[in-house]
Amino acid sequence: MTPAYPTPDRASTSRATPSSLSAFASRHWRLLGAAALSLWLAGCAGQTTAPSAPRQADDWQRQQSRLEALDTWTVAGKVGLRTPRDSTSANLDWTQTPQHYRMLISGPFGTGRSVLEGRAGAVELTTGDGTFQASSPEALMQQQLGWSLPISALDYWVRGLPAPGAAHDETRDDLGFPAQLRQAGWTIAYRDWTYAGGLWLPRRLVMTYDDIRALLVVNEWQPGQADTTP
């Protein structure tokens with residue numbers, strides 16, 4: 001993903017009402033919002049056995065270089081999104097490689113299978129109504145909704161890292177792990193961690209920007225593995 005991650009358009013967010021959105025946008029904002037987060041499938045591959053001891057004070061520092069180098073994974077879980085207009089949830093299968101990402105979205109919207117795919121300079125959303133394209137995931141959301149979520153930063157935030165190219169500040173917990181990250185107007189709270197592939201990785205994240213709130217619960221991390229199933 002590219003490191004550009006524009007923040008939501010405050011004016012557009014405050015003016016939007018259900019009656020002002022087209023029927024198309026009304027159907028698809030949930031899908032895009034869910035895709036913005038992210039993240040997560042209902043896969044069944046085995047999770048690395050957790051260490052016998054819980055997180056230790058030196059674990060985060062010791063794994064820092066491996067986290068920064070991690071660029072391939074499959075993540076499984078659920079995401080919830082709440083805005084002033086609506087709230088919804090979805091299952092999401094997220095496969096990440098250095099050249100490509102793919103998010104398979106499914107949920108209780110009654111819209112079936114939707115896929116968001118991105119490569120350098122191009123993003124494509126495929127639903128039962130067709131295929132839609134833009135130069136970035138944020139541009140695609142802005143085009144359809146009038147506001148956007150920072151999809152392009154999520155591949156860093158989901159690892160517990162700040163995205164490059166923008167100022168940030170963070171607080172750490174008693175063991176030195178990120179507790180809260182603030183960047184580009186967003187606040188990311190790390191509520192829980194899981195152990196997979198020899199790494200401690202975020203399991204539960206809450207991301208907020210004004211009155212937009214996104215919750216990500218990761219059921220399974222597969223670091224270093226990319227699911228290429230269509």
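Values reported hereafter were calculated over all heavy atoms of this structure, with side chains retained and with hydrogens, waters and symmetry mates removed. Residues: numbered from 1 along the sequence shown.
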* Asked: So does R62 pair up with D58, basic N to acidic O under 4.0 Å?
  -> yes

>> With a 4.0 Å cut-off on N to O distance, would you call R172 and E170 a salt bridge?
In response: yes

| request: Step by step, work out the side-chain contact (heavy atoms from CB on, under 4.5 Å) result for L205 and R191. | output: CA-CA 6 Å; L205 298 79; R191 301 290 178 81; over 6 Å; no

[Y] side chain reached by [X] side chain, heavy atoms, under 4.5 Å:
X    : Y    : answer
L116 : E124 : no
I151 : L140 : no
F177 : R55  : yes
P98  : T72  : yes
L181 : H168 : yes
L201 : Y195 : no
T208 : V206 : yes
W186 : I212 : yes

| Intermediate values then yes/no, side-chain contact (heavy atoms from CB on, under 4.5 Å), L215 and R204 | CA-CA 7 Å; L215 168 66; R204 184 180 178 91; 4.0 Å; yes

Check your understanding: Would R203 and V217 count as a side-chain contact (heavy atoms from CB on, under 4.5 Å) if you check the C-alpha gap in whole Å, the side-chain angles of each, and the deciding distance to 0.1 Å?
Key -> CA-CA 6 Å; R203 194 190 78 83; V217 178; 3.6 Å; yes

Using modelled atom types only, decide if a donor and an acceptor are shared between the side chain of [X] and the backbone of [Y] within a distance under 3.5 Å.
X    : Y    : value
R159 : D155 : yes
Q180 : I188 : no
Q56  : P54  : yes
W221 : L199 : no

Near-ring test W60/W193, centroid separation under 6.0 angstrom = yes

If you count heavy atoms of other groups shown closer than 6.0 angstrom to CZ of R182, is the number above 12? yes

Ring-plane angle category for W73 and W94, please: parallel below 30°, perpendicular beyond 60°, tilted otherwise. perpendicular

